[in-house]
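Read through the structure below, which is laid out as structure tokens, and then see the notes.
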Amino acid sequence: MADIHSWLVTGAAGFIGSNFVHYWCTRYPDDRVVVLDALTYAGNRNSLTALEAHENFSFVQGDITDQALVEALLRDHQLDGIVNFAAESHVDRSITGPDAFISTNIVGTHRLLEAARKVWVTEGRAAGHRFHQVSTDEVYGSLGNDDPPFTEEHPYLPNSPYAASKASADHLVRAYQETFGLRTSISNCSNNYGPYQFPEKLIALTICNLVRGKALPIYGTGMNIRDWLFVDDHCRGIDRVLRAGKTGRTYNIGGGTEMTNIGLVQRLCELADQVIGESAELQARYPDAPASKGRTSASLIEYVSDRPGHDWRYAIDISRIDQELGYQPLTDLDRGLELTLNWYLNNDQWWQAVMDGSYQQWIDSQYTAGR
Ligand code: NAD
Ligand code: TYD
């Protein structure tokens, strides 16, 4: 890799981006990191509090569709790397309101690419630049139970507006490499979990609901399968791609952990019962958790109507990143769930603050109107 030490990291007030900048600033403290984030419902400055005192870190509130702003940041801070996490990221929201997904995920990525092309290629300010796009396995569509896991050669067959918008962005990134010589890379990862995840995604929602004694919604039969990736392992995978990955190349990053949704939720319930059941302090803090009342968290599971177009199974083949870049996930599911549960149990101020009235209304409406 060219020697890049100054980065624009977009969407880093969100889940994966905030974990990534924590990882990066700890591992490479001399690198300059400028975060650009619009602070949508999913963005949270509190996820970056620990970095505010870091002398090479700065935060800019702004939109990736604002090309002039992005160009100014690249020039003024002499940035030569972009890692694009900014996105609308929740499939359910893409079904009820796809417009924002088109705007941020497609138009926003395009504006970022244009800004990078202008400053780095046309003005020739950064010969060894890198534009890295963080994408998803959902662009590949859905697998049957006996299909081999997704490789990077799998055709793009997106099924949700979210997946289609991410697929479009990936195609634009590829086109900018081929047409304009922008130095790009793409990583397509499986379902992430860990600290700072907005409690609308399955694992974070399950934890935040069970400690409040609220229902744990399972869509359809609960037999859909996802491949779970602990967020730190994802950050290490992106690091490998940025440091050693070839430009113009795509790398899949997975956790090697396939689970049915119901199997996963049951495992999390058992873990929560054990951890809360053993701690008088946690029982006092979470009196509505079933484990505080001698009941099982699994008693909160409720089957609800299925998500439209619900992909059956995702599984990721990580042979390429393993063989070319020496990447393997390090955190198995039991350890990752334990770390995640403990983080949410000890950081209730963080998630209570994001579960405000409007968010709670939105989530509740999912299980009444038409679901
Ligand atoms: P997130 O929803 O938690 O965070 C998204 C962040 O982007 C937020 O901070 C939000 O404020 C910001 N943002 C949204 N629109 C913006 C705009 N127009 N301009 C600037 N900032 C904007 O998402 P996440 O789960 O951290 O996902 C990060 C990336 O990883 C996304 O590109 C997503 O598609 C991809 N991904 C996520 C997962 C997962 O399991 N969470 C899996 C595969 C891929
Ligand atoms: P989610 O976390 O939304 O990620 P994705 O849709 O990107 O895979 O959902 C993970 C799986 O869990 C998916 O199959 C849908 C299912 N699910 C539920 O069963 N109940 C829920 O409340 C949520 C949010 C998801």
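Keep in mind it's a predicted model, so treat the numbers as computed, not measured.
A side-chain donor from one of Arg130 and Ser185 sits under 3.5 Å from a side-chain acceptor of the other. Side-chain contact, Ser187 with His132: a donor N or O sits under 3.5 Å from an acceptor N or O. Between the side chains of Asp137 and Ser190, no donor-acceptor pair is found at a separation under 3.5 Å. Side-chain contact check for Asn145 and Trp312: at least one donor-acceptor pair (N or O, by modelled atom type) lies under 3.5 Å. Glu71 and Gln67 form a side-chain donor-acceptor contact under 3.5 Å, judged by distance and modelled atom types alone. When only modelled atom types and interatomic distance are considered, Glu152 and Asn188 share no side-chain donor-acceptor pair under 3.5 Å. Side-chain contact, Trp120 with Asp80: no donor N or O sits under 3.5 Å from an acceptor N or O. For the residue pair Ser135 / Asp170, a side-chain donor-acceptor distance below 3.5 Å is found, with atom types taken as modelled. No side-chain donor from either of Gln197 and Tyr344 sits under 3.5 Å from a side-chain acceptor of the other. For the residue pair Tyr176 and His110, a side-chain donor N or O sits within less than 3.5 Å of a side-chain acceptor on the partner. At a cut-off of 3.5 Å, with distance as the only test, a side-chain donor of Lys201 or Ser89 sits close to an acceptor on the other residue. A donor-acceptor contact closer than 3.5 angstrom links the side chains of Tyr41 and Arg93.
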I would like to know whether Arg267 and Asp334 meet salt bridge (charged side-chain N to carboxylate O under 4.0 Å, His left out); could you show each step before the answer? CA-CA 9 Å; Arg267 198 135 146 193; Asp334 282 334; 3.1 Å; yes
Would Thr260 and Arg313 count as a side-chain contact (heavy atoms from CB on, under 4.5 Å) here? Give the steps. CA-CA 9 Å; Thr260 60; Arg313 172 177 166 241; over 6 Å; no
Apply side-chain contact (heavy atoms from CB on, under 4.5 Å) to the pair Trp228 and Ile203, showing each step before the final yes or no. CA-CA 10 Å; Trp228 293 97; Ile203 289 181; 3.7 Å; yes
Check the pair Asp322 / Tyr251 against side chain to side chain donor-acceptor pair (under 3.5 Å), numbers first and verdict last. CA-CA 10 Å; Asp322 178 17; Tyr251 295 89; over 6 Å; no
Side chain to side chain donor-acceptor pair (under 3.5 Å), that's the test. Do Thr10 and Asn84 meet it? Break it down for me. CA-CA 5 Å; Thr10 64; Asn84 181 26; 2.6 Å; yes
Asp239 and Arg27: CA distance, side-chain angles, deciding distance, salt bridge (charged side-chain N to carboxylate O under 4.0 Å, His left out) verdict: CA-CA 10 Å; Asp239 186 354; Arg27 199 170 170 98; 3.4 Å; yes
Give the intermediate values and the outcome of salt bridge (charged side-chain N to carboxylate O under 4.0 Å, His left out) for residues Glu153 and Arg320. CA-CA 11 Å; Glu153 309 305 330; Arg320 176 180 289 178; 2.8 Å; yes
Walk me through it: do Glu281 and Arg285 pass the test salt bridge (charged side-chain N to carboxylate O under 4.0 Å, His left out)? CA-CA 6 Å; Glu281 195 250 314; Arg285 189 148 20 123; 2.8 Å; yes
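Across all non-hydrogen atoms, the minimal contact from Ile316 to Ile318 is CG2-CG2, 3.5 Å. Nearest heavy atom pair, residue Arg236 against residue Asp233, reads NH2-OD1, 2.9 Å. In terms of heavy atoms, Met259 sits closest to Leu333 at CG-CD2, 3.6 Å. Across Thr109 and Asn105, no two heavy atoms sit closer than the pair OG1-O, 2.7 Å. Of all heavy-atom pairs between Ile4 and Gly81, the closest is CG2-N, 3.8 Å.
Formation of a donor-acceptor pair under 3.5 Å by the His5 side chain with backbone atoms of Asp30 is not found in this model. In terms of modelled atom types and a separation under 3.5 Å, the side chain of Ser94 and the main chain of Tyr162 share a donor-acceptor contact. Gln177 places a side-chain N or O within 3.5 Å of a backbone atom of Thr184 that can act as its donor or acceptor partner. Although no hydrogens or angles enter the test, the distance criterion places a donor-acceptor pair under 3.5 Å between the side chain of Arg240 and the main chain of Leu325. Listed for the Asp147 side chain is a donor-acceptor partner under 3.5 Å among the backbone atoms of Gly144. In this structure a side-chain-to-backbone donor-acceptor pair under 3.5 Å is present from Asp332 to Arg335. When atom types are taken as modelled, the side chain of Asp317 and the backbone of Ser319 share a donor-acceptor pair closer than 3.5 angstrom. Here the side chain of Arg243 pairs no donor or acceptor atom with the backbone of Ile238 at under 3.5 angstrom. Checking side-chain atoms of Asn19 against main-chain N and O of Val231 turns up no donor-acceptor pair under 3.5 Å. Listed for the Arg249 side chain is no donor-acceptor partner under 3.5 Å among the backbone atoms of Gly245.
Ring centroid separation for the pair Phe20 and His234 does not come in under the 6.0 Å cut-off.
Counting Ile, Leu, Val, Met, Phe, Trp and Tyr side chains that sit under 4.5 Å apart, directly or through other members, Phe150 shares a hydrophobic cluster with Val139, Tyr140, Leu143, Tyr156, Tyr314.
The side-chain tip of Arg117 does not point at the ring of Phe131 from less than 6.0 angstrom away and within 45° of straight on.
No more than 12 heavy-atom neighbours from other residues, nucleotides or ligands sit within 6.0 angstrom of CD on Gln349. In Arg295, the CZ atom is not crowded: 12 or fewer heavy atoms of neighbouring residues, nucleotides or ligands sit closer than 6.0 Å. For Glu123, the CD atom counts as densely surrounded, since its 6.0 Å shell holds more than 12 non-hydrogen atoms of other residues, nucleotides or ligands.
Between the CZ atom in Arg125 and the NZ atom in Lys118 there is a gap of 10.5 Å [rounded to 0.5 Å].
Taking the side chain as every heavy atom from C-beta outward, Ile276 and Ser292 approach each other to under 4.5 Å. Looking at Tyr219 and Asn261, their side chains never come closer than 4.5 Å, going by heavy atoms from C-beta outward.
Comment: Asp66 does not engage Arg111 in a salt bridge, judged by the lack of any side-chain N to carboxylate O separation of less than 4.0 angstrom.
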In a table with atom names and distances, give each donor-acceptor pair under 3.5 Å that connects a side chain of residues 54-62 to protein atoms at least two apart or in another chain.
residue, atom, partner, partner atom, Å
His54, ND1, Asn56, N, 3.1
Asn56, ND2, Pro29, O, 2.9

